[in-house]
Each structure stands twice: as structure tokens, then as C-alpha cells.
Amino acid sequence: QAILERLQSFGSMTTLYAREVLGIMSPAPRVQELRENGHHIATHWTYETDVSGANHRQGKYVLLPRQEVANG
């Protein structure tokens with residue numbers, strides 16, 4: 001629910017944001033559950049430095065508008 005609320009409010013969310021702010025250690029399976037429930041979410045790959053200074057490849061999840069999905 002926290003992931004969906006973030007996506008609906010801001011349009012996107014990164015893996016590190018989910019872990020560090022929302023406390024969701026494995027956001028990918030939760031995003032997959034949202035997809036299975038009919039939400040259209042794209043994954044874009046980005047790099048970001050975490051709080052310890054390590055650089056990570058991470059998913060940036062973007063909630064797609066319904067019309068964008070319908071138009072391809």
C-alpha cells in the first residue's frame with residue numbers, strides 16, 4: 001500500500017527510497033504484486049549512492065497513466 005501511495009502521489013519511486021524511507025527491504029516483489037493487480041508500472045534502471053556511500057544499480061518504478069498504456 002505504501003508503494004502504491006507513493007507512486008500515485010509522486011509518479012515514481014526508487015528501490016533505495018523504498019528501503020531507506022518506507023522500510024520495504026524487497027520492493028520488487030511488492031511492485032510485481034501491484035502489476036498483477038492491474039497497475040501499470042514501468043521499471044527504469046538508474047544508479048544511486050546509498051547512505052553508506054556505495055553506488056547501486058537500482059530500479060526506478062514509474063506509474064504509467066492508463067491512456068499511455070492503451071496507446072502503446
Side-chain angles (χ1 to χ4, degrees):
Q1 186 63 33
I3 290 174
L4 182 58
E5 289 174 7
R6 169 69 187 188
L7 292 174
Q8 289 172 331
S9 295
F10 297 95
S12 68
M13 178 199 69
T14 64
T15 299
L16 288 178
Y17 183 90
R19 289 180 180 162
E20 294 173 358
V21 178
L22 301 179
I24 300 168
M25 298 285 70
S26 299
R30 306 296 74 83
V31 170
Q32 183 59 35
E33 290 171 356
L34 291 171
R35 289 176 176 140
E36 291 169 0
N37 286 318
H39 298 280
H40 299 281
I41 302 169
T43 302
H44 301 283
W45 295 105
T46 64
Y47 289 87
E48 186 175 340
T49 304
D50 69 11
V51 293
S52 70
N55 197 28
H56 296 274
R57 179 178 179 252
Q58 67 170 342
K60 179 178 182 180
Y61 302 104
V62 179
L63 184 63
L64 302 175
R66 296 276 179 197
Q67 65 272 14
E68 184 174 326
V69 174
N71 292 332

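This chain uses plain numbering: 1 for the first residue, then up along the sequence. Computed from a predicted model, the values in this text were never measured in an experiment.
- Under the rule for a side-chain contact (heavy atoms from CB on, under 4.5 Å), the partners of Glu5 that lie at least two apart in sequence or sit in another chain are Gln1.
- Taken to the nearest 0.5 Å, the NE2 atom of His56 stands 8.0 Å off from the CZ atom of Arg19.
- For Gly59 against Thr43, the heavy-atom pair with the smallest separation is CA-CG2, 4.1 Å.
- Taking a 4.5 Å side-chain heavy-atom cut-off between Ile, Leu, Val, Met, Phe, Trp and Tyr, the cluster of Ile3 extends to Leu4, Leu7, Met13, Tyr17, Val21, Leu22, Ile24, Val31, Leu34, Ile41, Tyr61, Leu63.
- With sequence neighbours excluded, the residues forming a salt bridge (charged side-chain N to carboxylate O under 4.0 Å, His left out) with Glu33 are Arg30, listed by chain and number.
- Interatomic distance, Trp45 CH2 to Lys60 NZ, rounded to the nearest 0.5 Å: 13.5 Å.
- Applying the side-chain contact (heavy atoms from CB on, under 4.5 Å) rule to Asn37 yields the partners His39; only residues at least two apart in sequence or on another chain are considered.
- Under the 4.5 angstrom side-chain criterion for Ile, Leu, Val, Met, Phe, Trp and Tyr, Val51 has no cluster partners at all.
- With sequence neighbours excluded, no residue satisfies side chain to side chain donor-acceptor pair (under 3.5 Å) with His44.
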